[in-house]
Amino acid sequence: MPIFIDRRLNPKDKSLGNRQRFLRRAREELKRSIRDKVRAGGIAELDREHVVPIPRKGTGEPSFGDDKESGRRQHILPGNRTFSSGDLIPKPGGGGGYGSAAGTTESEDDFRFVLSREEVLDLFFEDLELPDLVKLNLKQVLSFKPRRAGFAASGAPTNINVGRTMRNSHGRRIALRRPKQAELDAIARQIAELEAKPASALVRERIAALREALDRLERRRKRIAYVDPVDIRFNRFDPQPLPNANAVMFCLMDVSGSMGEREKDLAKRFFVLLHLFLTRRYERTDIVFIRHTHLAKEVDEHTFFYHTESGGTVVSTALEEMHRIIEQRYPVAEWNIYAAQASDGDNFAGDSERCIELLDRKLMRLCQYFAYVEIIDERESHIFGATENGTSLWRAYNAIDGKWPNFQMRRIAAPADIYPVFRQLFARQPGLRKSA
């Protein structure tokens with residue numbers, strides 16, 4: 001494991017470690033302030049600029065200083081006519097903290113951060129994710145893979161293209177007339193043949209001329225390298241962008257007559273939070289909106305949140321519509337499929353068994369994750385987590401919850417419950433859930 005040692009000099013009277021802790025503390029304070037607003041029911045306020053105050057006392061960065069209680073110090077205070085050595089000087093304002101009491105004493109206000117919409121959403125959704133992405137990786141940026149794109153004059157030694165390099169070398173040797181080894185061998189043979197003949201002035205002159213030519217060719221051959229750096233070519237690879245993994249979220253909301261204004265408002269707030277999360281964290285995520293009464297149909301975003309349609313309650317129609325859309329538009333081999341369903345739990349008699357059949361035999365085998373949120377009365381909030389109580393749909397879904405690990409169910413009774421429940425459903429997990 002590599003060990004990194006930071007040898008940067010600390011600023012005067014500062015500590016880089018303390019500075020990092022301060023930045024982390026300030027970041028956590030910002031996140032806490034934003035989450036408090038959401039818990040108070042202000043989800044609609046999340047998608048805009050925020051002014052977040054931080055107590056002035058928490059913005060002080062730790063620093064080193066002299067101990068006021070020990071050591072020996074001598075001070076000369078010119079013009080002092082009020083205090084003598086050993087006198088205690090009262091704190092300005094007459095009170096504790098950074099504020100001041102009533103009067104004319106100056107003080108400092110709390111430090112205020114102005115966060116843009118993007119910064120607010122980044123902080124709020126920082127530790128949330130779509131669970132169980134086991135088919136493909138869903139990323140916020142495009143991924144790339146190397147693709148052959150010709151040749152380059154520079155690169156890594158492992159990318160040398162031998163064929164192109166030798167072709168360039170051969171052409172350069174021909175253009176510069178580099179002597180071939182066969183030419184040198186032919187001259188050497190001529191010299192050997194002449195040396196075998198009887199010595200004469202003409203023979204000696206011929207041998208000297210051949211030796212001079214051989215020496216000239218050898219020097220020329222050494223100057224013109226067989227492979228020169230200008231000949232070397234490397235395979236060039238350009239990054240080819242790959243599309244993000246595909247994911248689709250099905251939002252199923254009960255808008256039947258049993259859902260009062262309060263229940264619909266809580267369900268819509270949950271889906272608003274889910275919509276903000278998906279659009280902020282993931283670039284390429286389809287969102288399919290399905291509303292249902294005794295009939296279910298796919299609608300656009302505006303109709304999903306603002307239309308006032310009402311009617312009877314048959315929950316299985318929404319699940320059937322979801323299955324139909326998956327078969328038509330979202331092949332399981334190519335898409336990560338998610339679903340979030342919100343209902344008050346009321347259902348037509350006998351239809352809950354049909355919901356179990358659809359989930360168990362079809363949908364849960366296709367979905368990466370299915371979250372069910374039930375809107376209950378505030379007076380019933382004491383039964384949170386009980387499996388034997390609740391509506392017929394809640395009791396029916398308990399069978400799915402026990403069988404499929406990628407199925408989760410929670411209850412919401414008040415606006416303050418929305419964010420904690422949402423966080424339980426989509427908090428980043430240290431390990432992936434395993435689909436059955």
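All values reported here derive from a predicted model rather than from experimental measurement.
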Report task. Applying side chain to side chain contact (heavy atoms under 4.5 Å, CB included), run through T313 and H294 and close with a yes or a no. Result -> CA-CA 5 Å; T313 308; H294 61 285; over 6 Å; no
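Because its NZ or CZ atom is not both nearer than 6.0 Å to the ring centre of Y372 and within 45° of the ring axis, R410 does not count as a cation-pi partner of that residue.
Looking only at distances, no side-chain donor or acceptor of D254 sits under 3.5 Å from a matching main-chain atom of A342.
The aromatic rings of F289 and F304 sit tilted, their planes meeting at an angle between 30° and 60°. Ring geometry for F277 versus F426: interplanar angle of 30 to 60°, hence tilted.
Qualifying side chain to side chain donor-acceptor pair (under 3.5 Å) partners for R178, counting only residues two or more places apart in sequence or in other chains: none.
Taking the side chain as every heavy atom from C-beta outward, L425 and F270 approach each other to under 4.5 Å.
Side chains of R395 and T391: a donor-acceptor N/O pair is absent below 3.5 angstrom, by distance only. A donor and an acceptor atom, one from each side chain of N159 and N235, are nowhere located under 3.5 Å apart. W404 and D360 share a side-chain donor-acceptor pair at under 3.5 Å.
Taking CZ of F305 as the reference point, atom NZ of K264 lies at 14.5 Å (rounded to 0.5 Å). Here the straight-line distance linking atom CZ of R354 with atom CD of E320 works out to 4.5 Å at 0.5 Å rounding.
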